[in-house]
Amino acid sequence: MNVDVFVDAKGLACPMPIVKAKKAVDAMESGQIMQVESTDKGSVNDFQSWVRANHHELLKMEEDAGVYRIFVRKG
Amino acid sequence: MSAKAIQAKDLHEKMEQGIFLLDVRNPEDYADWKIEGKKVRSINIPYFDFLDENEEIYRPLPADEEIVVICAKGGSAQMVADMLVEKGYEASYLEQGMNEWSQFYHPVTVMEDDALKLIQVNRLAKGCLSYMVISGEEALVVDPGRHIEEYLTLAQKEDIAIKYVLDTHLHADHISGGRELAQKSGAVYYISSGEMQGSDRPYEPLEKQGLLQVGSAEVKILAVPTPGHTPGSVSVLVNDQYLLSGDTIFVGGLGRPDLGGKAAEWAQALYDTVFTTIASLRDDVLVLPTHYADLSEISEAGYIGAQLGEIRRNNEVMRTVDRELFTEKVAHSVGATPPNYEEIVEVNRGTLEVTAEKATELEIGPNRCALHHG
């Protein structure tokens, strides 16, 4: 997957992963792809709701040794 | 200026007075489990909605009263509360969110006379109730939650020694503090042996214990086998007047018989309990259960309990004498199972050890042990 913007939110607690992702998305063009990495399990659910509420597209989510990788296409 | 953090105890006091809550978790989480109270108004706006510069979303918020912001662990509630204060609202936030709320216990005295004092300890977030039966300088604790310091503090305040601790059954929706509390306070721990098969933990078999003596001779505690929710469920009858019914009988109905995978079989046992064992108890016996599922179950006096006669009158299933129909009713209307109940049962039986953090995680969410029949 071609990632346009990478957001490192590892080690950050809620609400910071979404706050950082939101800032990054605001600066992106529609159709671009963002990759977020978070270690906050609670933020994974929040990402799903946030993406849906803002009409972006959740492309993929994967977990690897406690790191959640979330791929979002800006709507 | 930043918003003030409050603790669960402060929040509960505000709830008694009437309070407006802004829950900033996911809509799914809010729908599943939220803080409720008779004088609580609450709305749900996810915290990420506040990241947009959109004045519209502030519209439902009252400008002339305090708003307490709630989230899962406190972080996003603090952010939103700060934003509200910035905009001129009077806002505070629950410091550690639902995590903290799920561990809050509130004791209420049900009755008190010269010989006996009965305290109901309400863990509001879970709808879990436990009891301290006090007489003289001694006490019995029934169905304690995992946060045993609550009971040790209460014992100190009441200036009594905990002599017995018992679990009415092996709980499926919360982790018992029974064995640990007994250890810490030097008390005897009772549970029915039918519930502890496969466990190597020490306990005294409750079913063999007809009468427990607490304090003065006037307090009589009778262990009444009331199978149905689980095969080994036991209720406790205090002075022939107060039935600590565990998960067998609730203010709003009967215990669910399905958590062991034998719903029909256990429903039969529940039938016998209702129409044989409990049938002989008077209508004016006060039923004090281990759970409640709805705020309407809280009495005027602030505790959860109802006279047996009232429960019989209000619940059709309590009057369904037809065995088949009864079984059908209780076995087929059970709803969602408590989250993580299989693991919780294992922890309570002593066949699984978990850290305190894992225990908190397992217990998150509302209680789902009380059945409601229309």
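Within 6.0 Å of NZ on B:Lys39 lie no more than 12 heavy atoms contributed by other residues, nucleotides or ligands. Crowding of A:Lys23 atom NZ: a count of heavy atoms from other residues, nucleotides or ligands under 6.0 Å not exceeding 12. Within a 6.0 Å sphere centred on CD of B:Glu13, other residues, nucleotides and ligands contribute more than 12 heavy atoms. The local environment of CD in A:Glu62 is crowded, with over 12 non-hydrogen atoms from other residues, nucleotides or ligands closer than 6.0 Å.
Checked by atom type, the side-chain pair B:Asp29/A:Asn45 shows no donor-acceptor distance below 3.5 Å.
Neither the backbone nor the side chain of B:Gln78 comes within contact range of chain A, judged by heavy atoms closer than 4.5 Å. Looking at A:Ala13, neither its backbone nor its side chain comes within 4.5 Å of chain B, counting heavy atoms on both sides. With a threshold of 4.5 angstrom between heavy atoms, A:Asn54 approaches chain B through side-chain atoms but not through N, CA, C or O.
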- Item | Test log, rule side-chain contact (heavy atoms from CB on, under 4.5 Å), inputs A:Val19 and B:Tyr47 | CA-CA 10 Å; A:Val19 171; B:Tyr47 67 89; 5.6 Å; no
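Contact check for B:Pro46 versus A:Ser49: no side-chain heavy atoms found under the 4.5 Å cut-off.
Annotation: the span from B:Ser76 atom OG to A:Asp46 atom CG amounts to 7.0 Å, rounded to 0.5 Å. With rounding to the nearest 0.5 Å, the separation of CG in A:Asp40 from NZ in B:Lys73 is 5.5 Å. Taken from CE in B:Met79 to SG in A:Cys14, the straight-line distance is 7.5 Å, to the nearest 0.5 Å. Taking CH2 of A:Trp50 as the start and CG of B:Asn26 as the end, the distance is 13.0 Å to the nearest 0.5 Å.
Salt bridge present: A:Lys22 and B:Asp52 bring a charged side-chain N and a carboxylate O closer than 4.0 Å.
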